Amino acid sequence: MIDGTDKSILRLLQHNSKLTIKEIASKLNLTPTPIFERIKRLEKERYITSYRAVIDRKKIGLSLLVFCNISLKQHEATFISKFEKDVQQFPEIIECYHIGGMSDYLIKVVAQDMDTYQHFVAKKLATIDNIGQVQSSFVMTEVKSTADYPVE
């Protein structure tokens, strides 16, 4: 179980993972040693699973962002497992969720442009067996995009 100090550490680190132990300690009016020990415990208990840089996708040439609802033809465990394994091979798919509702999966795809996305769907995604239907929604404007969870 985590306490208020742990939650404060999580909020600070997810906003800026480059903060030093000294900087976190200063912000929380604590000494570095307990902050270091708390961070190590939060990592060990998998509250913190990784540290990463957030990249502006447009600056690296990925201006198109697409959400795809995918329905499978068959829903036996082996087909589900195979689909989940198959989507791992495509770097264009940056997120994949098994969902309830009208579709079976929601994937988030990045591409340079519409032609590149069309090639991805026709030549890569279409090679996955058991896909029944793909419905694409193209992002026109990112109104809010964050990886920060509301740690209360």
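These figures come from a predicted structure and were not determined experimentally.
Note: Ile9 CD1 to Ile35 CD1 = 4.0 Å, rounded to the nearest 0.5 Å. Put simply, CG on Asp3 and OG on Ser8 are 8.5 Å apart, with the number rounded to the nearest 0.5 Å. Asp86 CG to Phe79 CZ: the interatomic distance, rounded to the nearest 0.5 Å, is 12.0 Å. For the atom pair His98 NE2 and Ile80 CD1, the distance stands at 4.5 Å (nearest 0.5 Å). Separating the SG atom in Cys68 from the CD atom in Gln135 is a distance of 10.0 Å, to the nearest 0.5 Å. Atom CG of Asp6 sits about 10.5 Å away from atom CZ of Arg11, to the nearest 0.5 Å.
Contact check for Met114 versus Phe138: side-chain heavy atoms found under the 4.5 Å cut-off. Annotation: side chain of Ile128 is in contact with side chain of Phe90 (closest heavy-atom distance under 4.5 Å). Residues Asp113 and Leu64 are not in side-chain contact: their nearest non-hydrogen atoms beyond the backbone lie 4.5 Å or more apart. Using a 4.5 Å heavy-atom cutoff, the side chains of Phe83 and Asn130 are not in contact. Residues Ile39 and Ile24 are in side-chain contact: their nearest non-hydrogen atoms beyond the backbone lie under 4.5 Å apart. At a threshold of 4.5 Å between non-hydrogen side-chain atoms, the residues Leu19 and Lys27 count as touching. For the pair Ile131 and Tyr105, the minimum side-chain heavy-atom distance is 4.5 Å or more. Contact annotation: the side chain of Leu28 approaches that of Leu12 to within less than 4.5 Å [non-hydrogen atoms, C-beta and beyond].
Residues Thr49 and Arg46 bring no donor and acceptor atom of their side chains to less than 3.5 Å of each other.
Remark: Glu142 engages Arg57 in a salt bridge, criterion side-chain N to carboxylate O under 4.0 Å. Salt bridge present: Lys40 and Glu43 bring a charged side-chain N and a carboxylate O closer than 4.0 Å.
For the side chain to side chain contact (heavy atoms under 4.5 Å, CB included) with Glu92, the lone residue among His119, Gln112, Lys124 that qualifies is Lys124.
Partners of Lys108 by side-chain contact (heavy atoms from CB on, under 4.5 Å), not counting sequence neighbours, listed by chain and number: Leu65, Phe67, Ile94, Glu95.
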(message) Let's go through Phe120 and Ile93 carefully: what are the C-alpha distance in whole Å and the side-chain angles of both, what is the deciding distance for side chain to side chain contact (heavy atoms under 4.5 Å, CB included) to 0.1 Å, and is it a yes or a no?
(response) CA-CA 10 Å; Phe120 165 76; Ile93 299 174; 3.6 Å; yes

(request) For the pair Ile107 and Cys96, evaluate side chain to side chain contact (heavy atoms under 4.5 Å, CB included) and give the outcome as yes or no after the intermediate values. (result) CA-CA 4 Å; Ile107 62 172; Cys96 178; 3.7 Å; yes

